[in-house]
Amino acid sequence: MHVGTGRTALFNWLYAKHTGGTFIVRIDDTDDERNAAEFEADILAGLRWLGLDWDEGVGVGGPHGTYRQSDRYERYRQVALELVEREAAYFCFCTPAELAKRREEAAAAGQPPGYDGRCRTIPISEAIARRGSGEASAVRFKMPRPGVTEFDDLVKGKIRIDHEHVDDFVLLRSDGRPTYHLASTTDDVDYEISHVARGEDLLPSTPRHIQLTMALGAKEATYAHLPLILGTDGKRLSKRHGATGVTEYIEAGYLPQAMVNYLSLLGWSPAGDVTIVSLAESIRLFDLESVSTNPAVFDQSKLDWMNGEYIRSLSAVEFVEAARPFVTASMGRELGTDEWERFGRIAPLVQERTKFLTEVGPQVRFLFADELEIDPASWAKVQGDAVEAVLETAVTALGSVDTWDHDHIERSLRTMLEQLGLNARKGLQPLRVAVTGSTVSPPLFESMAILGRDVVLSRLERARQMLISA
RNA sequence: GGCCCCGUCGUCCAGUGGCCUAGGACGCCGGCCUUUCAAGCCGGAAACGCGGGUUCGAAUCCCGUCGGGGCUGCCA
């Protein structure tokens with residue numbers, strides 16, 4: 001699910017929750033270029049991850065069948081034919097090749113490229129005869145002309161479009177499949193949709209949908225066209241801007257709460273100067289009419305920051321649960337009970353310094369590694385005159401600590417620093433690298449405490465050997 | 001090209017005629033704190049696209065202009 005789709009879904013959901021309405025999820029799968037099953041699974045996975053539950057629709061059911069357009073082709077066909085019967089639509093015998101050619105010619109001549117309506121005047125009896133003889137035809141909607149569609153968009157305000165600029169669009173393809181316009185408008189009518197909130201890219205199609213709805217004898221929905229989400233270059237957000245799929249963010253270690261909060265701020269803001277907003281608060285304050293009219297650039301650095309905020313706001317237990325699959329993936333194996341216990345002890349320290357759940361594994365792997373890998377760059381960074389003395393003294397000092405816990409370890413190492421006349425930075429970094437394998441790690445004393453004396457001493461000893469053999 | 005939408009710091013928002021010497025957040029820069037990295041704290045640079053009106057007064061209203069985006073398919 002594209003993040004833009006996610007944002008649209010979120011706004012629909014917030015509006016439904018705010019107004020006590022019904023949030024319906026229906027699958028628009030009239031395009032058979034795409035793999036419908038995959039497309040649907042991806043959408044539903046995105047919605048579930050974001051926590052946007054639906055009252056009616058795919059999976060949960062409701063009074064209108066499967067909520068999948070691909071299951072309703074017969075209904076759309078009937079609607080199209082009925083429209084032809086009532087002379088609100090007509091059969092068009094122009095072939096796609098002809099249309100393409102005319103479009104090209106029109107473009108070359110500087111003329112508007114839309115369909116010229118040449119089949120509109122074919123007498124119905126003739127059209128039926130041609131169809132009877134096997135000639136392929138599509139069904140086009142007869143856009144009322146002259147005419148104008150005016151509507152009050154909840155976010156854009158008054159919109160007025162002259163039908164002069166709206167051509168007779170296809171309702172039913174020559175192979176009998178409906179177009180998006182037919183299918184979704186029919187669904188909106190059949191499902192008694194009161195509000196349609198969608199991307200601004202569909203604004204120019206709205207006169208079509210409204211006219212179609214009227215031709216169907218129904219009352220049009222209230223529309224709200226949401227501003228588009230742009231990439232950092234100001235163009236519509238697409239694959240080349242990086243991760244644009246909601247589900248990609250799951251694996252990248254983002255929390256759905258952060259994504260939802262971030263998305264909610266793309267085109268909308270709660271009252272006041274708040275940035276971190278709970279979902280409950282968003283529901284309470286949300287309103288389509290206060291959605292901004294201008295497009296928003298998707299700025300990942302703000303999402304990243306927000307993710308860190310949400311990670312830090314997790315309870316200790318929640319954090320462990322959220323991090324668990326990432327730790328397992330990072331280690332490449334399932335951890336044992338005692339290992340999880342150790343993880344639970346270090347977790348609060350790690351939680352404070354992580355922005356993405358994917359960072360957790362690398363930060364704690366030193367706790368579970370039999371043979372610690374020492375990062376070469378880190379090792380190089382701590383080399384100096386004092387290293388050998390530090391390592392040696394530390395082994396002695398730590399060897400005689402009577403209770404192996406954070407406080408005793410700290411006291412012992414501070415004493416060591418004094419003896420050697422070193423500041424903490426100089427004296428502790430070599431130990432950090434020796435024990436955790438990197439210059440970047442959770443706090444050293446606690447790490448040592450959790451690791452246990454034996455492992456710490458053997459790692460320090462090993463580092464000493466490395467010095468000697470070097 | 002035509003039609004439509006939009007134009008406040010780099011980015012997301014606040015601002016709906018005087019409270020604006022334009023506010024918050026992210027990012028950026030500097031400092032503090034500090035056992036690393038983060039986090040945290042303090043400070044800083046940074047915007048009303050432009051030109052005309054209207055008005056005692058305009059970021060806020062009107063017009064124009066420039067700029068950006070969308071649509072212009074038997075895609076959605």
Side-chain angles (χ1 to χ4, degrees), chain A residues 28-34 92 94-96 99-100 103 106-107 109-115 136-140 153 155-157 159-162 164-167 169-181 183-184 198-207 225 227-228 230 232 234-236 262 265-276 292-306 308-309 312 349-355 359 363 378 381-382 410 413-414 417 423-429 431-433 436 438-445 447:
Chain A
D28 286 15
D29 55 356
T30 53
D31 181 0
D32 67 8
E33 303 283 305
R34 303 182 197 174
C92 171
C94 302
T95 66
L99 293 169
R103 226 186 335 269
Q111 296 297 310
Y115 180 63
S137 65
V139 173
R140 283 186 187 268
D153 190 280
V155 346
K156 298 287 186 182
I159 302 288
R160 182 194 151 90
I161 295 175
D162 196 311
E164 199 185 318
H165 309 292
V166 187
D167 67 358
F169 56 101
V170 171
L171 256 19
L172 206 64
R173 302 171 168 104
S174 51
D175 65 1
R177 287 159 51 235
T179 59
Y180 158 78
H181 302 297
S184 53
R198 39 144 73 152
E200 191 183 346
D201 49 337
L202 287 166
L203 192 60
S205 293
T206 305
H225 287 93
L228 260 20
L230 274 28
T232 41
K235 306 268 190 236
R236 202 174 156 170
Y262 180 69
L265 264 28
L266 248 32
W268 177 73
S269 70
D273 283 333
V274 294
T275 303
I276 300 292
S292 101
T293 52
N294 50 322
V297 172
F298 188 87
D299 175 20
Q300 193 167 326
S301 66
K302 188 160 186 173
L303 203 211
D304 291 353
W305 162 78
M306 204 170 265
E309 290 288 305
R312 267 172 262 122
L349 265 21
V350 173
Q351 178 176 6
E352 294 174 55
R353 57 204 82 224
T354 101
K355 213 167 181 173
E359 295 169 348
Q363 280 191 84
S378 293
K381 220 180 292 177
V382 295
E410 170 160 20
L413 290 178
R414 297 257 180 227
L417 291 176
N423 62 25
R425 188 179 214 96
K426 263 205 132 73
L428 262 23
Q429 277 303 80
L431 300 181
R432 184 186 306 282
V433 174
T436 72
S438 168
T439 48
V440 176
S441 82
L444 184 61
F445 310 136
S447 294

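Proteins get letters first, then strands, A, B, ... in listed order; numbering begins at 1 in each.
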In whole Å, what is the span from the [atom1] atom of [X] to the [atom2] atom of [N]?
X      : N     : atom1 : atom2 : answer
A:R432 : B:C37 : CZ    : P     : 8 Å
A:E164 : B:C3  : CD    : C1'   : 10 Å
A:L444 : B:A38 : CG    : P     : 17 Å
A:R103 : B:G73 : CZ    : P     : 5 Å
A:D304 : B:A39 : CG    : P     : 12 Å
A:W268 : B:U11 : CH2   : P     : 22 Å
A:Q300 : B:C12 : CD    : P     : 15 Å

Determine the contact category for [X]: base if any of its heavy atoms lies under 4.0 Å from a base atom, sugar-phosphate if only primed atoms, P, OP1 or OP2 are that close, otherwise nothing.
X      : value
A:H225 : nothing
A:C94  : base
A:S205 : base
A:L228 : sugar-phosphate
A:F298 : nothing
A:L171 : nothing
A:G267 : sugar-phosphate
A:E309 : sugar-phosphate

Taking the six-membered ring of A:Y115 as reference, does the cationic atom of A:R140 (NZ for Lys, CZ for Arg) lie under 6.0 Å from its centre and within 45° of its axis? yes
Give, for atom [atom1] of [X] and atom [atom2] of [Y], the distance between the pair rounded to the nearest 0.5 Å.
X      : Y      : atom1 : atom2 : result
A:Q429 : A:S438 : CD    : OG    : 8.5 Å
A:L428 : A:N423 : CG    : CG    : 9.5 Å
A:K302 : A:L266 : NZ    : CG    : 9.5 Å

Could a donor-acceptor pair under 3.5 angstrom be found where the side chain of A:R425 meets the base of B:U35? no
On a plain distance test, is the side chain of A:S174 in donor-acceptor contact with the base of B:C74 below 3.5 Å? yes
Looking only at side-chain atoms of [X], point me to the closest of [options].
X      : options             : result
A:V440 : B:C37, B:G70, B:C13 : B:C37
A:A296 : B:G1, B:C74, B:C13  : B:C13
A:I161 : B:C12, B:C4, B:U36  : B:C4
A:W305 : B:C12, B:C74, B:C26 : B:C26
A:T275 : B:U35, B:A76, B:A25 : B:A25
A:H181 : B:C74, B:U36, B:A76 : B:A76
A:E352 : B:U35, B:A38, B:A76 : B:A38
A:L428 : B:U36, B:G1, B:U35  : B:U35
A:D273 : B:G70, B:G23, B:U35 : B:G23
A:K302 : B:C26, B:U35, B:C75 : B:C26

For the student: nearest non-hydrogen atoms of A:H225 and A:G199, plus distance: CD2-O, 3.4 Å
Quick check: does any side chain N or O of [X] sit under 3.5 Å from a backbone N or O of [Y], one acting as donor and the other as acceptor?
X      : Y      : answer
A:R198 : A:L203 : no
A:T436 : A:V433 : no
A:S184 : A:Y180 : yes

Report the residue (A:K235 or A:V297) whose heavy-atom-nearest nucleotide on RNA chain B is the more 5′ of the two. A:V297
Under a 3.5 Å cut-off for both contacts, is [N] paired Watson-Crick or G-U wobble with anything, and if yes, with which nucleotide?
N     : value
B:U54 : none
B:C41 : B:G31
B:C66 : B:G7
B:C12 : B:G24

In whole Å, measure the gap between the C1' atoms of B:G27 and B:C9 for me. 11 Å
Strictly below 4.0 Å, N to O, side chains only: are [X] and [Y] in salt-bridge contact?
X      : Y      : value
A:K156 : A:E200 : yes
A:R236 : A:D201 : yes
A:E359 : A:K355 : no

What pairs of nitrogen or oxygen atoms, one from the protein and one from nucleotides 5-7 of chain B, lie under 3.5 Å apart?
{"unit_1": "B:C5", "atom_1": "O2'", "unit_2": "A:K156", "atom_2": "NZ", "d": "2.5"}
{"unit_1": "B:C5", "atom_1": "O2'", "unit_2": "A:E200", "atom_2": "OE2", "d": "2.5"}

Is it true that the side chains of A:T30 and A:R173 contain a donor and an acceptor less than 3.5 Å apart? no
Just the atom pairs and distances: protein N or O near nucleotides 43-48 of chain B's N or O, under 3.5 Å.
none

